[in-house]
Amino acid sequence: AIPTKQSDPPRVLLSNLFPSGEYPVGEEVEYRDENLYRTTNEEKRHLDRMNNDFLQEYRQGAEIHRQVRQWAQKNIKPGQSLTEIAEGIEDGVRALTGHPGLEEGDNIKGGIAFPTGVNLDHIAAHYSPNAGNKTLLAQDNVMKVDFGVHINGRIVDSAFTLAFDPMYDNLLEAVKQGTNTGIREAGIDARLGEIGTAIQETMESYEVEINGKTFPVKCIRNLNGHDIRQWQIHGGKSVPIVKSSDQTKMEEGEVFAIETFGSTGNGYVRDDYETSHYAKRADAPKIDLKVASASKLLKVINKNFGTLPFCRRYLDRLGQEKYLLGLNNLVSNGIVEAYPPLVDKKGSYTAQFEHTILLRPNVKEVISRGDDY
Ligand SMILES: O=S(=O)(c1cccs1)N(Cc1ccc(F)cc1)Cc1ncn[nH]1
Ligand SMILES: [Mn+2]
Ligand SMILES: [Mn+2]
Ligand SMILES: [Mn+2]
């Protein structure tokens with residue numbers, strides 16, 4: 001018989017739990033000021049009704065994200081390896097989307113949207129373990145878990161921070177409120193610079209005492225939120241998290257990842273450590289490759305990921321071997337972009353919270369909102 005509720009660990013296909021095809025609505029927030037009319041405007045409501053497939057795909061991805069992260073928050077413990085933590089999340093996403101991602105092209109209908117980030121302490125983003133990584137989670141770590149689910153290329157990008165030691169609480173609260181400020185300020189016609197200014201105002205009103213030393217919480221000024229397009233994790237608009245005069249506006253129909261980062265360090269990140277995250281550029285040049293392994297690898301990337309980001313472990317899982325020369329050749333030819341880990345100074349602590357929001361014609365929907373964050 002078909003189960004009627006999710007298992008532990010989560011392995012029940014989500015569409016079996018929602019036979020009607022109607023998935024839970026995210027947090028709906030009315031637009032304000034000159035856009036308040038949209039709530040009742042017939043034309044805007046009609047436009048919204050025309051988008052039901054898009055909305056159901058997004059809401060399905062969001063429910064999968066909630067169910068997998070709920071399990072992760074309950075089951076992640078010190079002593080576990082970063083590899084088993086990442087793979088536990090990935091196993092859940094693959095099961096609930098129904099796309100194990102092992103056959104060529106399977107990831108096209110749904111599945112993992114980008115590599116599972118498990119970012120410790122001063123590492124803010126884009127760190128996923130490569131094969132052989134032995135790192136274990138420790139009691140005093142501050143871990144940012146950032147993972148994505150997609151259904152038909154509709155990407156839900158959401159992240160949270162886990163810490164076992166309560167001394168980090170103010171750091172996590174500062175960033176959680178920073179992200180909520182960003183979500184509140186976002187909307188149709190909102191200017192990106194004003195959102196950044198408001199986020200910094202909130203975030204930097206906090207301080208945190210760690211091991212007897214007090215730090216002001218700083219926004220990481222060179223990290224940003226971003227717009228999301230179908231199959232494309234970053235469409236071209238960046239949402240600043242510090243004071244900015246960027247007059248660019250958010251527009252009806254756009255999807256944004258609102259993410260903020262706080263730090264006890266410099267409030268600035270650089271590339272460091274071995275790269276795990278890669279993605280084929282949407283505007284990749286069509287060139288004939290001199291390195292045979294590069295063109296072979298490009299075929300595997302096109303078939304299994306398209307323009308969705310992937311990591312080395314996903315290539316290993318597909319049975320690819322000795323691909324580093326080819327991968328580096330694709331990077332140097334501008335076909336694949338490398339996303340190395342982004343780190344603040346050693347010894348500092350960083351935190352992140354992220355949600356994906358839909359700027360529907362009549363209402364703003366925080367699609368990935370849960371009762372956890
Ligand atoms: O830092 S970003 O490159 C960026 C921010 C603003 C403009 S582009 N990035 C997009 C991305 C890049 C690679 C991935 F594998 C996944 C996502 C933000 C992000 N990383 C994780 N979650 N969200
Ligand atoms: Mn499949
Ligand atoms: Mn993310
Ligand atoms: Mn993001």
Side-chain angles (χ1 to χ4, degrees), residues 26-41 44 47-48 124-125 146 155-161 170-207 216-229 232-263 266-269 342 344 350-369 373:
E27 178 196 17
E28 292 182 315
V29 183
E30 288 184 358
Y31 293 116
R32 64 176 194 218
D33 311 330
E34 68 282 348
N35 284 294
L36 182 62
Y37 80 94
R38 292 171 171 276
T39 314
T40 53
N41 178 276
K44 295 303 179 186
L47 268 175
D48 188 55
D146 192 343
I155 299 167
V156 176
D157 178 3
S158 184
F160 57 96
T161 300
N170 276 1
L171 174 62
L172 273 63
E173 186 61 18
V175 182
K176 192 178 284 189
Q177 294 317 320
T179 297
N180 282 333
T181 293
I183 291 166
R184 192 176 53 248
E185 294 301 316
I188 294 169
D189 296 333
R191 295 181 190 280
L192 300 181
E194 289 179 17
I195 298 170
T197 305
I199 288 168
Q200 183 166 30
E201 183 89 28
T202 298
M203 177 108 67
E204 300 197 343
S205 68
Y206 288 80
E207 60 182 30
V217 177
K218 293 180 190 167
C219 298
I220 300 182
R221 62 182 183 272
N222 62 331
L223 286 179
N224 304 282
H226 51 100
D227 67 330
I228 298 175
R229 294 181 186 166
Q232 217 179 329
I233 189 62
H234 174 220
K237 288 185 180 179
S238 293
V239 186
I241 65 174
V242 292
K243 189 170 167 43
S244 156
S245 57
D246 186 345
Q247 295 304 307
T248 309
K249 286 182 172 181
M250 292 186 161
E251 299 171 70
E252 177 182 316
E254 288 185 320
V255 176
F256 280 91
I258 303 296
E259 57 192 299
T260 72
F261 293 82
S263 179
N266 298 323
Y268 188 82
V269 289
L342 301 169
D344 200 326
T350 64
Q352 173 199 21
F353 284 91
E354 175 174 32
H355 275 299
T356 294
I357 68 174
L358 313 182
L359 300 186
R360 291 164 50 194
N362 55 325
V363 72
K364 171 170 65 178
E365 185 171 348
V366 188
I367 200 84
S368 50
R369 183 72 83 187
Y373 66 93

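FYI, the numbering just counts along the sequence from 1.
One finds the CG atom of L342 at 7.5 Å from the CG atom of N222 (value rounded to the nearest 0.5 Å). Separating the OH atom in Y37 from the OH atom in Y31 is a distance of 10.0 Å, to the nearest 0.5 Å. We find the CD-OG1 distance between E201 and T197 to be 8.5 Å, quoted to the nearest 0.5 Å. I199 CD1 to T181 OG1: the interatomic distance, rounded to the nearest 0.5 Å, is 7.5 Å. In this structure, I241 CD1 and Q352 CD are separated by 9.5 Å, a value rounded to the nearest 0.5 Å. With values rounded to the nearest 0.5 angstrom, F256 atom CZ is found 6.5 Å from L359 atom CG.
Minimum interatomic distance between D146 and A159 (heavy atoms only, all atoms of both residues): CG-CB, 3.5 Å. Across every non-hydrogen atom of D227 and K237, the tightest pair is OD1-N, 2.9 Å. Residues N362 and R38 approach most closely at CB-O, 3.2 Å, considering heavy atoms. Contact between K364 and I183 at its shortest, heavy atoms only, is NZ-O, 2.8 Å. Among all heavy-atom pairs drawn from I233 and I228, the shortest one is O-CG1, 3.7 Å. Between A186 and I357, the shortest heavy-atom distance links the atoms CB-CD1, 3.5 Å.
For S245, the side-chain contact (heavy atoms from CB on, under 4.5 Å) criterion is met by no residue, not counting sequence neighbours.
Using modelled atom types and a 3.5 Å distance limit, the side chains of N170 and E207 yield no donor-acceptor pair. If you check the side chains of S263 and T350, you find no donor sitting under 3.5 Å from an acceptor.
Panel note: side chain T260, backbone V175; a donor-acceptor pair is recorded below 3.5 Å. Within the 3.5 Å criterion, the main-chain N or O of N266 finds a donor-acceptor partner in the side chain of D344.
With salt bridges taken as basic N to acidic carboxylate O contacts below 4.0 Å, none links E254 and R229. Taking a cutoff of 4.0 Å between a charged side-chain nitrogen and a carboxylate oxygen, E204 and K243 do not qualify as a salt bridge.
Contact check for E30 versus L36: side-chain heavy atoms found under the 4.5 Å cut-off. A 4.5 Å side-chain heavy-atom check between V363 and V29 finds every atom pair outside the cut-off. At least one side-chain heavy atom of K176 sits less than 4.5 Å from a side-chain heavy atom of N180. At least one side-chain heavy atom of Y373 sits less than 4.5 Å from a side-chain heavy atom of H355. Between L192 and P240 there is a side-chain heavy-atom pair separated by less than 4.5 Å. Two residues are said to be in side-chain contact when any heavy atoms from C-beta on lie closer than 4.5 Å; D157 and E354 meet this criterion. For the pair D189 and E252, the minimum side-chain heavy-atom distance is 4.5 Å or more.
No more than 12 heavy atoms of other residues, nucleotides or ligands sit less than 6.0 Å from atom OH of Y268.
A perpendicular orientation is assigned to the rings of H234 and H226, their planes being inclined by more than 60° (bins at 30° and 60°).
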Task: S368 vs T356, side-chain hydrogen bond (donor to acceptor under 3.5 Å, both in side chains): CA-CA, chis, key distance, verdict - done: CA-CA 6 Å; S368 50; T356 294; 4.8 Å; no
Task: R360/E28 under salt bridge (charged side-chain N to carboxylate O under 4.0 Å, His left out): CA gap, chis, key distance, verdict - done: CA-CA 10 Å; R360 291 164 50 194; E28 292 182 315; 2.6 Å; yes
Task: side-chain contact (heavy atoms from CB on, under 4.5 Å) between Q177 and Y206, intermediate numbers included - done: CA-CA 10 Å; Q177 294 317 320; Y206 288 80; 3.3 Å; yes
Open item on the list: For a salt bridge (charged side-chain N to carboxylate O under 4.0 Å, His left out) check, start with the C-alpha distance between E185 and R32, then their side-chain angles and the critical distance, and finish with the verdict.
Closed with: CA-CA 10 Å; E185 294 301 316; R32 64 176 194 218; 3.2 Å; yes
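Here the options are N224, T248, I195, the test is side-chain contact (heavy atoms from CB on, under 4.5 Å), and the partner is V239; only I195 passes.
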